[in-house]
Amino acid sequence: QVQLSESGGGSVQAGGSLTLSCAASGHTHASHNCMGWFRQAPGMEREGVAATYLDGSRTYYADSVKGRFTISPDNAKRTIELQLNSLKPEDTAMYYCAAAWDCYSASWYSRGQYKAWGQGTQVTVSA
């Protein structure tokens, strides 16, 4: 079983940047090859933001963040980071990292295939 823990959230003004990190512990090897970032705003469904294979072979982004967010894998540590640039107030949400055996390209954003989740880190963007 792998445990995930996010860090790096905070409050910024619109146009600002943040870097989110996800630390993995436990049985990290042979437990997951895909990791992703999801976010959930109050009263909204949790949605996929980005995902990547840990070997960096493919990455996926939600249309709403393409060109602004960058997901980076660290295969040696079996973990990921998310660079958030040009932040907008609508990016305000709790951000979660998650791990899955495979990204399953066409459905990388499906929550059900991710078996391990962190507790989340809050990102707040003010206008």
Side-chain angles (χ1 to χ4, degrees):
Q1 189 81 345
V2 61
Q3 291 82 45
L4 304 176
S5 178
E6 304 91 340
S7 62
S11 297
V12 296
Q13 291 188 323
S17 299
L18 285 171
T19 301
L20 306 184
S21 297
C22 178
S25 61
H27 296 147
T28 59
H29 290 279
S31 63
H32 59 284
N33 296 300
C34 170
M35 295 187 73
W37 287 96
F38 289 73
R39 67 185 181 186
Q40 187 168 18
M44 304 293 285
E45 292 284 324
R46 190 173 298 188
E47 62 175 0
V49 174
T52 181
Y53 284 100
L54 286 176
D55 64 6
S57 57
R58 297 198 72 171
T59 57
Y60 309 91
Y61 293 95
D63 288 343
S64 58
V65 307
K66 278 181 183 176
R68 300 189 299 121
F69 292 8
T70 302
I71 189 169
S72 301
D74 184 332
N75 202 10
K77 296 180 180 179
R78 311 292 287 173
T79 188
I80 53 174
E81 285 193 345
L82 186 69
Q83 178 67 39
L84 296 74
N85 295 326
S86 302
L87 281 160
K88 304 175 181 180
E90 51 263 44
D91 294 318
T92 295
M94 186 72 79
Y95 283 70
Y96 300 88
C97 71
W101 177 252
D102 195 290
C103 289
Y104 298 108
S105 304
S107 61
W108 65 267
Y109 49 84
S110 296
R111 300 191 301 270
Q113 67 201 46
Y114 293 85
K115 303 307 180 184
W117 292 83
Q119 294 300 306
T121 185
Q122 178 68 36
V123 171
T124 303
V125 185
S126 57

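None of the values given here were measured: they were computed from a predicted structure.
Under the 6.0 Å distance and 45° angle rule, Arg111 does not count as a cation-pi partner of Phe38.
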Task: Intermediate values then yes/no, side chain to side chain contact (heavy atoms under 4.5 Å, CB included), Phe69 and Leu87 - done: CA-CA 9 Å; Phe69 292 8; Leu87 281 160; 3.9 Å; yes
- [ ] For side chain to side chain contact (heavy atoms under 4.5 Å, CB included), just list the numbers for Arg78 and Val2, CA-CA rounded to whole Å, side-chain angles, deciding distance to a tenth of an Å, and then say yes or no.
- [x] CA-CA 10 Å; Arg78 311 292 287 173; Val2 61; over 6 Å; no
TODO: Go through the steps for Arg39 and Leu82 under the test side chain to side chain contact (heavy atoms under 4.5 Å, CB included), then give the verdict.
DONE: CA-CA 12 Å; Arg39 67 185 181 186; Leu82 186 69; over 6 Å; no
TODO: Kindly determine whether Leu54 and Ile80 satisfy side chain to side chain contact (heavy atoms under 4.5 Å, CB included), including the steps that lead there.
DONE: CA-CA 8 Å; Leu54 286 176; Ile80 53 174; 4.1 Å; yes
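Not one N or O on the side chain of Tyr114 forms a donor-acceptor pair closer than 3.5 Å with the backbone of Tyr109. With hydrogens and angles disregarded, no donor-acceptor distance shorter than 3.5 Å links the side chain of Thr121 to the backbone of Ser7. For the pair Glu6 (side chain) and Gly120 (backbone), a donor-acceptor distance under 3.5 Å is present.
At least one side-chain heavy atom of Arg58 sits less than 4.5 Å from a side-chain heavy atom of Ser105. Between Leu84 and Val12 there is no side-chain heavy-atom pair separated by less than 4.5 Å. Side-chain contact between Pro73 and Tyr53 is absent, with no heavy-atom pair separated by less than 4.5 Å.
The pair Lys88-Asp91 fails the salt-bridge criterion, with no side-chain N (NZ, NE, NH1 or NH2) lying under 4.0 Å from an Asp/Glu carboxylate O.
Between Tyr61 atom OH and Thr52 atom OG1 the span is 7.5 Å, to the nearest 0.5 Å. Rounding to the nearest 0.5 Å places SG of Cys34 at 6.5 Å from CD of Gln113. Remark: Ser110 OG to Tyr104 OH distance equals 11.0 Å, nearest 0.5 Å. The CH2 atom of Trp101 lies 10.0 Å from the NE2 atom of His32; values are rounded to the nearest 0.5 Å.
At most 12 heavy atoms of other shown residues, nucleotides or ligands fall within 6.0 angstrom of atom CD in Gln119. Residue Glu45 places its CD atom among 12 or fewer non-hydrogen atoms of other residues, nucleotides or ligands, all under 6.0 Å distant.
The same ILVMFWY cluster, assembled from side-chain heavy atoms under 4.5 Å apart, contains both Met94 and Trp117.
Under the 3.5 Å distance criterion, with hydrogens and angles disregarded, a donor-acceptor pair is assigned to the side chains of Gln83 and Thr19.
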